[in-house]
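In what follows, a structure is listed as structure tokens, so that the remarks can point back to it.
Bear in mind the structure is a predicted one, so any value in this text is a computation, not a measurement. Naming convention: chains lettered A, B, ... in sequence-line order (proteins, then strands); numbering from 1 in each chain.
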2 protein chains.
Amino acid sequence: MAASRRPTLADVAREVGVSAKTVSRVLNEDGPVSAQTREQVLTAVARLGFQPNLMARNIRVGGPDTTIGLVVPDLGNPFFGAVAGGIEATVHDRGLTLLMGSSGEDPGRERDLTSKFLARRVSILMVVPSVGADHSHLKPHRAAGLPVVFIDRPAVGLSADSVVSSNRAGAHDGVAHLITHGHRRIGFIGDLPVKLYTRRERLAGYRSALEEAGLPYDRSLVTSAHDQQGAAAATAQLLGLEDPPTALFAGNNMVALGMVAELSRAKRKDVAFVAFDDVALAEALEPALTVVAQDPEEIGRTAAATALSRLDGDRSRARTVTVPTRLIVRGSGERPAPAVP
Amino acid sequence: MAASRRPTLADVAREVGVSAKTVSRVLNEDGPVSAQTREQVLTAVARLGFQPNLMARNIRVGGPDTTIGLVVPDLGNPFFGAVAGGIEATVHDRGLTLLMGSSGEDPGRERDLTSKFLARRVSILMVVPSVGADHSHLKPHRAAGLPVVFIDRPAVGLSADSVVSSNRAGAHDGVAHLITHGHRRIGFIGDLPVKLYTRRERLAGYRSALEEAGLPYDRSLVTSAHDQQGAAAATAQLLGLEDPPTALFAGNNMVALGMVAELSRAKRKDVAFVAFDDVALAEALEPALTVVAQDPEEIGRTAAATALSRLDGDRSRARTVTVPTRLIVRGSGERPAPAVP
DNA sequence: CTGAAAGCGCTAACAC
DNA sequence: GTGTTAGCGCTTTCAG
């Protein structure tokens with residue numbers, strides 16, 4: 001059972017007794033073809049199970065490939081899955097397909113992936129940039145007209161479109177919600193590394209909410225974690241302070257999981273908390289988890305729409321689109337602060 | 001700012017004053033090249049920002065493209081995201097890239113996607129087949145040596161490898177756990193449509209556990225839902241029966257969310273429950289959620305390993321690999337059944 | 001309406 | 001070490 005060569009245009013042409021060009025015409029509904037030959041060609045195509053080689057076509061036509069290159073930190077993270085879903089839904093009608101890879105937050109891998117995608121002549125490049133990644137190597141491609149969109153975090157060293165959540169305003173709203181319920185000492189558990197764009201923005205929102213309420217910024221109440229374990233530990237550490245916080249703000253969904261787990265383990269029913277980013281089962285918790293929800297699908301749709309407009313000739317200068325977050329009040333933020341002595 | 005043409009091998013060659021083949025040799029580390037010209041070529045490549053056109057290369061070399069086509073029902077579903085992550089991790093070293101699309105459980109879209117992928121000459125095709133999809137159109141490609149792997153559900157009308165969870169055994173274990181704690185009337189809320197492979201298998205596991213314990217199979221205790229809302233309604237409906245179940249088994253993670261939400265809403269702290277598929281925050285619930293956990297990453301890794309072995313010439317007959325599930329006992333399944341009168 | 005020739009960007013197979 | 005020629009599978013261009 002030898003792996004038989006796949007049929008080509010020429011095979012079909014020979015089969016019918018016409019030229020390759022005629023077969024090509026039939027398949028692309030280009031120029032005129034007699035109903036007669038048309039029929040014969042289609043029959044032969046079906047019988048041989050012929051499928052035109054898209055790569056060969058693209059190379060001749062010269063245009064970009066009908067793919068979108070998408071680099072995310074982690075394919076398994078539902079946030080990026082939802083972003084990808086939003087992109088796909090938006091570009092599907094244009095016949096574009098997603099080429100995906102994960103960088104693991106490693107600038108080197110990110111660069112390998114983008115290079116590979118560029119070598120494939122993707123129509124559009126979308127990247128969730130890793131901390132420390134430099135994007136200057138994309139400059140010539142941008143100049144050549146390639147739409148590039150950065151997702152969730154802005155570009156570094158390159159002027160390009162980007163789409164982000166309203167991190168700062170969202171964090172502000174979440175923290176303000178806690179303040180409204182009387183809390184004056186609020187812990188912040190952010191992601192790592194501390195240079196991460198989303199962490200910086202969300203911390204800024206936290207600080208602005210404090211400032212607005214005339215509360216002091218206490219560095220000892222700000223800590224970090226990069227996984228669920230770490231977040232649990234950070235939670236325990238904050239609660240163990242001499243003058244501990246009466247409320248906590250989780251800087252992302254991973255942190256939220258660890259924080260909730262630790263509070264539940266320690267049976268601390270007195271601590272109020274709010275998390276950035278929604279999680280499944282948030283409503284089923286006791287108390288139900290109040291969150292600052294992002295809209296990853298909308299981020300994906302927006303990124304795709306932006307890129308498509310560039311593809312269609314929009315030459316206006318690079319813009320950053322902010323997708324709003326939404327405070328979903330479910331209860332966990334309303335535990336009252338204890339009366340101050 | 002005209003969109004300048006991207007440089008080609010010939011451009012680089014002209015720049016340096018050598019032949020295209022020499023440049024090719026440098027880039028592919030093929031045949032011998034003097035250190036002198038090598039240096040010059042690399043310089044020119046860097047200066048022009050040249051990136052070889054992978055499509056052109058592939059077409060000449062004739063082999064399949066270095067991509068894996070992956071069709072899933074829904075990109076936003078974390079289960080499939082994790083599967084994709086497992087695949088990518090396994091194939092990364094071979095230089096393969098993921099081409100992904102979502103079918104929305106629509107056999108037509110699934111077919112469009114697979115056809116597109118085949119036209120791109122993917123090295124490997126992986127599909128989570130939709131209910132009602134037929135795969136006979138893949139036969140010629142299989143015969144031509146294309147590795148095809150079905151994920152989460154077996155193939156229809158085609159002999160090909162597949163990788164699935166131990167749905168039957170897993171459901172059996174979950175239900176047996178409930179029986180162990182004294183439950184004799186156990187509700188089953190499965191997914192929809194009822195013809196879905198995973199639903200059938202899990203229901204079979206449910207039945208086998210009942211049978212093993214000498215318990216009757218009562219059809220009125222078996223119902224369905226295809227989203228969280230529906231699952232909540234189904235839960236309410238089961239608990240409203242004249243002779244209601246004292247324990248519930250959720251057939252998937254979506255159903256679990258709805259079920260937990262409804263039990264929490266109705267403040268039914270007496271009902272025991274177990275869910276198929278793990279969910280975030282399961283430990284933080286009260287009681288913590290006992291689940292039959294799947295291992296989607298491992299499913300992805302296994303699928304990839306299987307496909308790679310085919311690529312490497314394994315011609316043995318098609319096999320179905322079952323990835324074990326694991327009962328994670330956290331508490332929700334241990335609420336005792338009320339004493340029978 | 002149809003076909004022959006040329007060429008997209010690259011590499012295999014031979015020269016030198 | 002390096003260049004030349006041919007050709008991957010397809011489409012463009014121009015003749016019939």
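- The nearest whole Å value for the distance from the CZ atom in A:R14 to the C1' atom in D:dG9 is 13 Å.
- B:I87 has its side chain out of reach of A:L75: every pair of non-hydrogen atoms, C-beta onward, lies at least 4.5 Å apart.
- Side-chain N/O atoms of B:S34 include one lying less than 4.0 angstrom from OP1 or OP2 on D:dT2.
- As a whole-Å value, the separation of B:L9 CG from D:dT4 P is 15 Å.
- Computed from coordinates, the A:N53 CG to D:dT11 C1' distance equals 13 Å when rounded to whole Å.
- Under 4.0 angstrom from either OP1 or OP2 of C:dT11 there lies at least one side-chain N or O belonging to B:S24.
- Remark: B:R38 CZ is loosely packed, at most 12 non-hydrogen atoms of other residues, nucleotides or ligands lying under 6.0 Å away.
- In this structure, the side chains of A:R57 and A:N28 come closer than 4.5 Å at one or more pairs of heavy atoms.
- The nearest whole Å value for the distance from the CE atom in A:M55 to the P atom in C:dT11 is 13 Å.
- For A:I59, whose side chain is taken as the heavy atoms from C-beta onward, the closest listed nucleotide among C:dC8, D:dC10, D:dT11 is C:dC8.
- For B:K21, the side-chain atoms get nearest to C:dA13 when compared with the rest of C:dG9, C:dG3, C:dA13.
- Judged by atom type and distance alone, A:R60 does not reach the base of C:dG9 through any side-chain donor-acceptor pair under 3.5 Å.
- Atom CD in A:Q51 sits roughly 15 Å away from atom P in D:dG9 (whole-Å rounding).
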Determine whether B:T302 and B:E298 satisfy the following criterion, side-chain hydrogen bond (donor to acceptor under 3.5 Å, both in side chains), listing intermediate values before the conclusion. CA-CA 6 Å; B:T302 304; B:E298 177 63 16; 3.3 Å; yes

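- In terms of position along DNA chain D, the nucleotide closest to B:A56 lies nearer the 5' end than the nucleotide closest to the other residue of the pair B:A56 and A:N28.
- Among the heavy atoms of the strands, none lies under 4.0 Å from B:N58.
- The distance between atom CZ of A:R6 and atom C1' of D:dC10, rounded to the nearest whole Å, is 16 Å.
- The residue among B:P52 and B:R25 whose nearest nucleotide of DNA chain C is located toward the 5' end is B:P52.
- Spacing between atom CG of A:D30 and atom P of C:dC1 amounts to 14 Å, rounded to whole angstrom units.
- Between A:T37 and C:dT2, a side-chain N or O to OP1/OP2 separation shorter than 4.0 Å is present.
- At least one donor-acceptor pair closer than 3.5 Å links the side chain of A:R109 to the backbone N or O of A:S102.
- The phosphate of D:dG9 (OP1 or OP2) has no side-chain N or O of A:T8 nearer than 4.0 angstrom.
- Contact annotation: A:T22 does not reach the phosphate of C:dC1 (side-chain N/O to OP1 or OP2, under 4.0 Å).
- Taking atom CG of residue A:L54 and atom C1' of nucleotide D:dT11, one finds them 13 Å apart after rounding to whole Å.
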